[in-house]
Amino acid sequence: MTIKIFNTINRKKEIFRPVKSNSASMYVCGPTVYSHPHIGNARAALVPDILFRLLRRTYQTVTYIRNITDVDDKISDAAFKQNKTVYEISESFIKIYQDNMTSLGILEPTLQPRVTDNMPSIITTIKKILKNGFAYVSDNHVLFDTSKYKEYGKLSKRTLDEMIDGARIEIADYKKSPRDFILWKPSNENQPGWESPWGMGRPGWHIECTAMIKNIIGDDCTLDIHGGGNDLIFPHHENEIAQGSCMSSSKYCNYWFHNGIVLVNKKKMSKSLGNVILLDDLLKNNSSNTLRLALLSAHYRQPLNWSDSTLIESNNLIKKFTSLAKSYTGDISDYDDLDHEVVGILSDDLNTPEVIKYLSELAKGAKTSQRDLACLIVSAKFIGLDLLANNKVLPKSIDEDLIKSLIDERSKARSSGDFKKADEIRDKLLSMGILIKDLEGETVWDYNSD
RNA sequence: GGCUAAGUGGCAGAGUGGUCAUGCAGCGGCCUGCAAAGCCGUCAACGCCGGUUCGAUUCCGACCUUAGCCUCCA
């Protein structure tokens with residue numbers, strides 16, 4: 001199976017050819033652990049999760065690395081504000097992040113390196129860049145000298161002149177050029193710091209990824225795929241390319257893979273707009289299936305506008321699929337090969353909306369064909385939708401025994417012809433948030449999420 | 001202001017040089033005590049202006065609009 005992915009470096013869909021024929025390596029920028037993960041973090045983890053599932057199917061070994069940034073000024077700020085240590089903050093949000101990802105059915109990456117565990121390799125990487133003449137030391141900082149690297153701007157398609165003209169920030173006096181970026185900076189007594197040849201300090205934002213990648217795959221190896229949100233193209237990934245290319249003679253990475261951001265009210269989430277949607281909140285009222293489907297409803301490179309109707313539509317579709325799946329009587333393992341169609345669709349640049357269309361068509365056929373139904377279940381499973389799981393997410397306040405007794409009471413009223421009473425009970429249940437349906441010989445209920 | 005993308009039916013959202021996306025909503029019907037669900041059918045779109053072409057929503061160019069980046073943001 002040939003996999004095609006869109007490569008940001010040349011803005012073209014390309015056939016994926018890994019460096020080694022039977023294995024693939026992928027690195028994705030993971031979370032900075034300073035607050036609760038939001039729906040955007042979920043998309044940034046889910047999109048590579050789908051690619052990981054696809055790569056696993058195709059290659060014998062897949063090394064999927066997703067880092068954890070546990071050194072950052074935002075973490076220090078959070079620690080200061082909450083009167084906690086940096087370690088307490090990062091540990092608690094690492095746990096929340098991992099729990100949220102597990103709840104979403106996102107597979108664990110092969111490796112999840114932390115910045116704090118990689119200080120020696122970060123320092124070694126900076127030393128190599130200095131030794132090769134692409135960085136300079138100034139006022140206890142180490143800075144990358146962008147003027148020395150001719151290809152700078154290749155990924156984001158900007159020239160150095162454009163960037164300098166457009167720069168809004170004041171030029172720090174220790175920089176030769178406003179575009180030079182920090183590899184190492186000094187720490188004061190309130191900030192986490194490590195001993196280095198340039199004094200007590202901490203790494204700049206971009207160097208951690210380069211150091212960890214090279215530490216894992218080897219200095220002279222090329223990474224197959226590097227991913228992240230498309231808001232990281234500049235400056236983060238541009239800077240990574242510069243560092244990675246100047247610390248070793250090998251090409252840094254072959255395929256750049258970026259997902260679009262999640263918008264709320266057509267705007268990027270931000271604390272100042274007050275439109276940040278947290279996963280903890282979403283997971284209270286929505287199943288993992290619903291959230292996954294909603295996040296996959298747009299192509300991964302497009303912006304995804306998040307709204308209530310996104311959730312409602314996904315929930316409706318999932319309900320339809322799961323109620324069909326309940327009627328499956330066979331052994332699903334008989335049909336493991338039935339997912340080759342969905343694999344084919346995903347192989348064309350992860351076209352998840354096309355997969356959803358395909359699932360809808362299977363659902364139509366599934367009413368009369370057990371094979372289509374098995375295919376639906378297996379195909380959904382490939383993108384991490386478990387149609388056989390119990391999908392009901394109920395608020396804790398709902399009393400199931402009360403619901404059952406009201407339904408019994410209504411059934412008696414119906415069979416004795418007292419439809420007025422029956423309808424009153426139905427309305428009462430609806431006001432409790434319970435929707436009932438009279439199926440053949442039986443009344444079923446569900447939480448009314450609309 | 002510069003850079004990078006994107007504009008498709010009421011909404012969401014794929015795709016294609018010439019015949020169907022799909023889902024939700026709507027409309028008509030079947031079913032139902034009535035609903036709901038389900039089923040059958042159905043309406044409806046390619047930002048604007050030029051160009052290439054027998055034919056453009058699709059390719060090319062200008063314009064307009066929107067979003068992201070240029071602020072250590074996924």
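Quick note on labels: first sequence line is chain A, next is B, and so on, each numbered from 1.
- In terms of phosphate contacts, A:Lys268 brings no side-chain nitrogen or oxygen within less than 4.0 Å of OP1 or OP2 of B:rA74.
- Both A:Lys267 and A:Pro31 lie near RNA chain B, and the one whose nearest nucleotide falls closer to the 5' end is A:Lys267.
- Geometric assessment of A:Lys176 against the ring of A:Tyr136 yields a positive cation-pi assignment under the 6.0 Å and 45° thresholds.
- You'll find that the side chain of A:Lys437 is closest to B:rA37, out of B:rG15, B:rA74, B:rA37.
- Residue pairs meeting the salt bridge (Lys or Arg N to Asp or Glu O under 4.0 Å) criterion with at least one partner in residues 95-106 of chain A, sequence neighbours excluded, are A:Lys95-A:Asp99.
- A search for side-chain contact (heavy atoms from CB on, under 4.5 Å) contacts involving A:Arg426 returns A:Arg410, A:Asp423, A:Ile436, not counting sequence neighbours.
- Residues A:Val355 and A:Leu296 have side chains not in contact (no heavy-atom distance under 4.5 Å, counting atoms from C-beta outward).
- Legend: residues meeting ring-ring contact (aromatic ring centres under 6.0 Å, His included) with A:Phe93, ordered by chain and number and at least two apart, are A:His36.
- Note on ring orientation: taking the six-membered ring where Trp is involved, the planes of A:His206 and A:Phe181 are perpendicular (angle over 60°, cut-offs 30° and 60°).
- At whole-Å resolution of the value, CG in A:Leu317 and P in B:rA21 are 19 Å apart.
- The side chain of A:Asn41 has B:rA74 as its nearest neighbour among B:rC72, B:rA74, B:rC34.
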So what's the dot-bracket for RNA chain B: Watson-Crick or G-U pairs under 3.5 Å, [ ] if a pair crosses, | if it pairs off-strand?
(((((((..(((.....[...))).(((((.......)))))....(.(((..]....))).))))))))....
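- Note: NZ (A:Lys319) to P (B:rC24) measures 13 Å, nearest angstrom.
- Under a cutoff of 6.0 Å and an axis angle of 45°, A:Arg179 and A:Tyr152 do not form a cation-pi pair.
- Residue A:Lys326 contributes atom NZ, which lies 16 Å from atom P of B:rA37 at whole-angstrom precision.
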Produce a footprint string for nucleotides 3-13 of chain B: one letter per nucleotide, 5' end first; B if the base is under 4.0 Å from any protein heavy atom, S if only the sugar-phosphate is, - if neither.
SSS------SS
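- Among residues at least two apart or in separate chains, salt bridge (Lys or Arg N to Asp or Glu O under 4.0 Å) pairs with a member in residues 299-309 of chain A are A:Arg301-A:Asp349.
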